[in-house]
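Below: the structure, in structure tokens.
For this chain, numbers begin at 1 and follow the sequence in order.
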Amino acid sequence: MTALDELTRPAGDDDVVGGVPARLVAAPRDTAEASALLAATPGLTVVVRGAGTKLDWGPPPRALDLIIDTHHLSGVVEHAAGDLITIVRAGTPLRSLDLGDQLLALDGPDGATVGGTVATATSGPRRLHYGGVRDLLIGITVVRADGKVAKAGGKVVKNVAGYDLGKLYTGSYGTLGLITECAFRLHPRPKHALFVRAVTPPSDAARIRAAAVAPAAVEIDSASGELAVLLEGTPDGVQERAGLLEKLLKGDISDMSPKWWGVAPWTADGIGVKLSVPLSAVPALAAGPDAVRGSAGTGVLYAAAAGITEVERLRAACVRLGGHAVVLTAPPEVRDILDMWGPTPGLSLMRRIKDQFDPGHRFAPGRFVGGI
């Protein structure tokens, strides 16, 4: 039996990415086994799969020989509570992390894994207060296309050619290699939390900032016209700040988030668009004909588009307002004829990085910006 036979199995009917079926599937149990797997499979094209919550994001791969499933790469490697740091394997579901009175402040859909969250750079409502993936990620272990292991940050610093590996792999959509472990900065878990909810214009987000109530998140849903603010901290402090916002917004205090909080506005077979604009442009975008949802505090919003024409209108609106729009997911008939990423500055630099880290273009070929 060859090393390839020992590490892989034939793909099944469900082992498909963007409509492209795989030939083989492997589920390495640790970084060493992942390294051996990639070293034993030169030339095979690869897509990494975690829980699959975002596997349909981006264009389909041009070719797919091997799916690397990370469900065995799970669990906490280390929790240095005194340093507010944890090291977690990439296949660990975010919501399964139990760090006691400390918190990894990354929001994600049910089942979303650490590796998938880093690879897609997804951050939920609390990004306003705690920062996004790039802010919380302080170390990473990856396996490159040739099977070599590289580490950066955390307790071991071994950068490749001067690159900040953590920032490179965050949002790379699995096109540079396999993430196996991540080190994160933690925060104390808040003792109390309340929501202040009001049907009010998105422009009131500016009044919230001026009120200096230190919100953990400020979210809007233009379809319902609702604005919701998350406040976290000590019970007395949260109650006082909530009272101020209740009067300011003429809203209601609740210990429950709105049903739409942190939920993508598109259906499973719909077109999902991520919109990024300056904070000053959020009210204008939310006042348009398209229903948008997301952070009025960071300018990252999401919309469900009815078709290509609506995508183009959203993209044009974002550009006009100083931002950009990316189609995250779409049905095959739309995905195959639409530029999901849109115009992207720095594409030539991205191509050079891809060529250096993955010279054979094994990882997720065609799934990233510009067909990378």
Side-chain angles (χ1 to χ4, degrees), residues 4 7-12 14-28 34-35 37-50 52-70 90 113 115-116 118-122 140 142-150 160-161 163 165 168-180 326-372:
L4 180 60
L7 296 171
T8 63
R9 65 164 174 82
D14 294 332
D15 297 316
V16 177
V17 178
V20 181
R23 293 196 299 112
L24 300 167
V25 177
S35 173
L37 168 69
L38 286 166
T41 57
L44 296 189
T45 51
V46 177
V47 168
V48 181
R49 179 178 67 194
T53 59
K54 295 177 284 291
L55 198 60
D56 61 343
W57 284 19
R62 285 193 298 269
L64 178 54
D65 297 312
L66 173 66
I67 288 176
I68 297 181
D69 191 299
T70 64
T113 63
V118 172
T120 54
T122 47
I140 195 167
V142 299
V143 183
R144 298 176 59 182
D146 57 4
K148 292 182 180 177
V149 177
V160 176
Y163 288 116
L165 284 187
L168 276 182
Y169 276 77
T170 300
S172 64
Y173 277 67
T175 57
L176 297 179
L178 170 66
I179 300 170
T180 60
V326 172
V327 178
L328 297 178
T329 183
E333 64 272 16
V334 174
R335 187 176 57 212
D336 292 345
I337 61 176
L338 179 69
D339 179 2
M340 298 182 72
W341 292 97
T344 306
L347 183 56
S348 60
L349 174 60
M350 294 181 188
R351 293 190 191 282
R352 290 198 297 272
I353 291 172
K354 172 70 170 178
D355 288 340
Q356 179 166 351
F357 279 77
D358 182 16
H361 289 214
R362 295 185 62 187
F363 274 88
R367 302 210 78 195
F368 200 46
V369 178
I372 291 175

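With contacts defined as side-chain heavy-atom distances shorter than 4.5 Å, the pair Trp57/Val326 does not qualify. The shortest side-chain heavy-atom distance between Val142 and Phe357 does not fall under the 4.5 Å cut-off.
What you find for Gly174 and Ala364 is that their closest heavy atoms are O-CB, 3.8 Å. A pairwise comparison of heavy atoms in Gly342 and Thr344 identifies O-OG1, 3.1 Å as the closest pair. Considering all non-hydrogen atoms of both residues, Pro59 and Met340 come closest at N-SD, 3.6 Å. Minimum interatomic distance between Pro28 and Ile68 (heavy atoms only, all atoms of both residues): CD-CG2, 3.8 Å. Nearest approach of Pro42 to Ala40, heavy atoms of both residues: CD-C, 3.2 Å. The minimum heavy-atom distance between Gly115 and Ile179, with the atom names listed, is O-CD1, 4.3 Å.
Exactly one of Leu66, Ile67, Leu44 qualifies for a side-chain contact (heavy atoms from CB on, under 4.5 Å) with Thr8. That residue is Leu66.
Here side chain to side chain donor-acceptor pair (under 3.5 Å) pairs that include residues 360-371, with residues two or more places apart or in two chains, are Thr41-Arg362, Asp355-His361.
Side-chain atoms of Thr113 come within 3.5 Å of backbone atoms of Gly116 as a donor-acceptor pair (strictly under, hydrogens ignored). At least one donor-acceptor pair closer than 3.5 Å links the side chain of Tyr169 to the backbone N or O of Leu176. The backbone N or O of Val118 lies less than 3.5 Å from no partner atom in the side chain of Thr120, so there is not a single donor-acceptor pair.
Considering only residues two or more places apart in sequence or on other chains, Thr70 meets the side chain to side chain contact (heavy atoms under 4.5 Å, CB included) condition with Val48, Leu73, Leu178. With sequence neighbours excluded, the residues that form a side chain to side chain contact (heavy atoms under 4.5 Å, CB included) with Asp339 are Trp341. Remark: Lys354 pairs with Asp358 by the salt bridge (Lys or Arg N to Asp or Glu O under 4.0 Å) rule, at least two apart or across chains. In terms of the side chain to side chain donor-acceptor pair (under 3.5 Å) criterion, residue partners of Thr180 (sequence neighbours excluded) are, by chain and number, Thr31. For Ala63, the side chain to side chain contact (heavy atoms under 4.5 Å, CB included) test picks out Thr45, with sequence neighbours left out. For Thr329, the side chain to side chain donor-acceptor pair (under 3.5 Å) partners are Asp56, not counting sequence neighbours.
For the atom pair Phe368 CZ and Arg351 CZ, the distance stands at 11.0 Å (nearest 0.5 Å). Note that CG of Leu168 and CD1 of Ile140 are 9.5 Å apart. Values are rounded to the nearest 0.5 Å. Separation of atoms OG1 (Thr122) and NZ (Lys54) is listed at 4.0 Å; rounding is to 0.5 Å.
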Under 3.5 Å donor-acceptor pairs involving side-chain atoms of residues 15-24, not counting sequence neighbours:
unit_1, atom_1, unit_2, atom_2, d
Asp15, OD1, Arg49, NH1, 2.9
Asp15, OD1, Arg49, NH2, 3.3
Asp15, OD2, Arg9, NH1, 3.2
Asp15, OD2, Gly12, N, 2.6
Arg23, NE, Asp65, OD1, 3.3

